[in-house]
Each structure stands twice: as C-alpha cells, then as structure tokens.
Amino acid sequence: MERMRTHIGIVGAGPSGLLLSHLLHLQGIESIVIENRSREYCENRIRAGVLEHGTAELLVECGVGERMKREGLVHEGIYLRYRRQDHHIHFPELTGGKSIMVYSQHELVRDLIAARLRDGGQIVFDVDAVALHGLESNSPRISFQKDGKPFEIACDFIAGCDGFHGISRPSIPAGVLRTYEESYPFGWLGILAQVAPSSTELVYSNHDRGFALLSMRSPEVSRLYLQCDPEEDLNEWPDDRIWSELRQRLSTEGGWKLKEGPITQKGVTGMRSFLVDPMQFGRLYLLGDAAHIVPPTGAKGLNLAVADVRVFSAALDAFYKKGSRDLLARYSKICLQRVWKVQRFSWWMTSMLHKSNQGEFFEQIHLAELDYVTSSRAAATALAENYVGLPFEPL
Ligand code: APR
Ligand code: PHB
C-alpha cells in the first residue's frame, strides 16, 4: 500500500474538483485529485458551454480565464422563439451590464488541468476501486487502485466532486441525506455540427412539435438540441431527419434560415432535477453534480458547481488560516439556498419551453408565460437576472 498525505483529498477531475484544487493551491492549501477516467477522456467529454457572468469573472480573477477570454463568445442575450416569432432578452440592459460567456466545459477542464500541472498539482488519472474511510474521524482516508497497485490518501477533508454517478454520495450512511428528485417525461437529442451558427446568440424555441435549442461552440461549430423521448433510439434519427425537425421547430414567419452541415456528434440525455440535503457528512463535503442535478434548459449545471467550489474553498481558507469552523458548518446551508433558487429557475425554463404531456391547458399557460416574459420588463428582468447568474452571497 503506497500512502500519500495531503490537506484535501478530491474525488473527481471535473470542473468542480479541478477548480477547487486550483483555488486551494492559490490559498496555499494542498490537495490531491483522483479521477477514474483518463486525462484524454476528461478533456474531450462534450458537455454544456454557458458560463454565468460571475463564473467567468471568478475564472479570470483566479488566473485560468486567459483562453476563455480569447476564444469564448460573449453574449448579451438570448432569443425566445414561439408562435414562430423572435423576442430578444437583452441582459446588460436588464441586469446593470451583465452578460454570459459561451465557452465549452471540456475546454475549461483542459485549462484547469493545464494550470494544475503547470503549478505542480497532483492529479491521478485512471484510478479505480475508489473507497472512502473514516468520514466521521478527524483524519478521513481515500483508498484506490492505480495500475493494480493499492494506494491510500490520508487527509483532513474529502471533497466529493465525482458527479451524479460517483461513489462519494453513496458513501454517506442511509438516512443521513434527504433526497429531492423530479424526472421529466422528455429528454434532449443533442448534436454537434460542423457549420457556422445560424444565430449570433442562443435561440430557445417553444414549438408544438416540441422544444428546440440553437447554441454554439465557436464561429465554425453549432450545438443544437431537440426535445425527444428520454429513451429515444438514435438509430431512428438519421441526420436528415434531425435537420428536418430542427428546421420546423426553429422556423419563423420571417423565413429565418437554419444553416446545416455535417453532424459530428449526437446523443440523447434524460432530464431530472435532483438534490440532497445536507451536502456534507462528517469530513466529506459534496460539490457540484455529486449533490445536485438541474435540467439543462437554464444552462446552470456547471455554474452551480462553481458556486459550491467558491463557498467550500473560502471555508477551508478560514479553517486553515484562522482555525474557524463557522463556514464549514454553514457550507451546506449556504450552498442549498442558491441550489434551490437555481433548481426553481431551471424547472421554470424547462416547463415554459417544453411540450409536456399535461394537455392543452398547460400548453396555453406556457405560451401565456412567454407572452408575459416578452411583454413585461419586470418578468424579463427576472429571467435575465437568473440567466446571467444570481449575485453570490457575501460569505
Ligand atoms: N472515482 C474517481 N472519479 C470519479 C468517480 C470515482 N468513483 N466517479 C466519477 N468520477 C469522475 C468523473 O469521471 C468526472 O470526471 O468525477 C468527475 C465528475 O465530474 P462532473 O460529472 O463533470 O461533475 P462536476 O465537476 O460536479 O461538474 C458539474 O458537469 O455534468 C456537468 O452539467 C454538469 O456542468 C455540470 C458539471
Ligand atoms: C449548450 O451550449 O450546450 C447549452 C446552452 C444552453 C443550455 C443548455 C446547453 O440551456
């Protein structure tokens, strides 16, 4: 058994684990990140790509925002498209100057891995048989295998940043966590296409054939989504059927034209709202998808993970610098205040924009909701304030 020692053992090299390790490094707090996939897999895993104003600011402040600033796309709003007409929600005007940044999550993961390795950080990829021990003691441990050899990390705290399917949350004894969960009767069929985006900003479309979203990754690459059945069979969706459905759901009275091109990646994802309370047990703290999942309609998953990291890294800084346990004790409560607000916004965007199986009355309610949001400054401001990111609570 090879033994390692550090301050914080971090399980998972996704955005939350890597950003946490980087912020701790800036605070002089050591950490070791272990990840059960390869570096190459983590750096190429296609996920979402919208960063809130505060997330982009934090990345620049902590020195990992250079490439994002160079290659990311600043958007000042989104289009809500329904009854085949466009309505623009202009963020800076409604939020005192804030905007969003379109920058792929896997590009951010690449930047964070590069920064950790540049600064001498330890990331152990391709591990397996990860298990957590002594969570209720003052010296928890993480055991794992690497190349068939047993390893153990002794640390002061464990950060469970291993996503929804990780081992951290299930390591908490039954009965400790209260789970809240809602699954939606639809999913998203998402594609990457090698074609210039057909819009300068994101288009969210409510259509009687179902929801559609036009997003992008760069001036050359489009990212588009279609509402589908959660168990949709991709074999039923040859490329021309996908483009035909997108054309219909994104069509406008003005004859707006969707640019089409080679589809380079496609996949189906289910949609759920999920969270656990508390987000902590003993010396184990859960961050990001390990503690909460939001439907992607509000583009909040990554940003919520970053918000958890911001609170936990501040709590550890206070612990190691001042011996204060106050923020650690309030970590879960502080994070869940934001998590519930973001759950509400993501559920609201999902309900308003998707075709549900609740019947005609609710379809009309969704359209009335869109009429209200696009005709009331107060309602548009509420959407904009949530979309660009609610202000961070002072800690
Ligand atoms: N041991 C080690 N690593 C693990 C284990 C395990 N048992 N299980 C999972 N992991 C790794 C995954 O391979 C992944 O790299 O943990 C990482 C978790 O990363 P994410 O799922 O990206 O979660 P998080 O960092 O919280 O980021 C949340 O990711 O899924 C998106 O929409 C979500 O944008 C949000 C963001
Ligand atoms: C994306 O670009 O992948 C994306 C954008 C907005 C969303 C969800 C996903 O709401």
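Both counts, for ligands and for their atoms, begin at 1 and track the order of listing.
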Do NZ/NE/NH1/NH2 and the carboxylate oxygens of [X] and [Y] come within less than 4.0 Å?
X	Y	answer
Glu43	Arg39	yes
Glu57	Lys98	no
Arg338	Glu52	yes
Arg247	Glu260	yes
Asp277	Lys333	no

Just let me know how [X] lines up against ligand 1, side chain, backbone, both or neither, with a heavy-atom cut-off below 4.0 Å.
X	result
Val130	side chain
Leu304	neither
Arg47	side chain

Subject >> Polar atom proximity, His165 to ligand 1 (N or O, under 3.5 Å) >> reply: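 No, since none of the N or O atoms of His165 sits under 3.5 Å from an N or O of ligand 1.
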On a heavy-atom basis, I'd like to know which of [options] is closest to [atom].
atom	options	result
atom 1 (C) of ligand 2	Lys300, Met216, Arg217	Arg217
atom 36 (C) of ligand 1	His106, His292, Gln105	Gln105
atom 2 (C) of ligand 1	Leu20, Asn36, Val294	Asn36

Would you mind telling me if ligand 2 is within reach of the side chain of [X], the backbone, both or neither, using heavy atoms under 4.0 Å?
X	value
Trp188	side chain
Thr297	backbone
Ala299	both

For [atom], the protein heavy atom that lies nearest, with its residue and separation:
atom	answer
atom 28 (C) of ligand 1	Asp289 OD1, 3.4 Å
atom 18 (C) of ligand 1	Cys161 O, 3.3 Å
atom 4 (C) of ligand 2	Tyr225 CE1, 3.9 Å

Original post:
Does the gap between the ring centers of His7 and Tyr320 come in under 6.0 Å?
Top reply: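 Yes.
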Subject >> Given Tyr82, Trp188, Tyr225, the one that forms ring pair (Phe, Tyr, Trp, His ring centres under 6.0 Å) with Phe211 >> reply: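 Of the listed residues Tyr82, Trp188, Tyr225, the ring pair (Phe, Tyr, Trp, His ring centres under 6.0 Å) partner of Phe211 is Trp188.
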Original post:
Out of curiosity, is Val102 lining ligand 2, as in a heavy atom under 4.0 Å away?
Top reply: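 The answer is no, since Val102 has no heavy atom less than 4.0 Å from ligand 2.
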Report, in ascending order of atom number, the atoms of ligand 1 lying under 4.0 Å from any heavy atom of [X].
X	value
Arg37	13 (O)
Leu302	34 (O), 35 (C)
Gly288	26 (O)

**OP:** Identify whether NZ of Lys or CZ of Arg in Lys149 sits under 6.0 Å from the centre of the six-membered ring of Phe144 and within 45° of that ring's axis.
**Re:**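 No - Lys149 does not lie over the ring of Phe144 by the 6.0 Å and 45° rule.
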**OP:** Could you tell me whether Trp347 atom CH2 has more than 12 heavy atoms of other residues or ligands within 6.0 Å of it?
**Re:**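 Counting neighbours around CH2 of Trp347, 12 or fewer heavy atoms of other residues, nucleotides or ligands fall under 6.0 Å, so no.
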Subject >> Polar contact flag, side-chain donor to acceptor under 3.5 angstrom, His88-Glu201 >> reply: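 Short answer, yes.
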Original post:
Heavy atom of Pro15 under 4.0 Å from ligand 1?
Top reply: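 So Pro15 counts as touching ligand 1.
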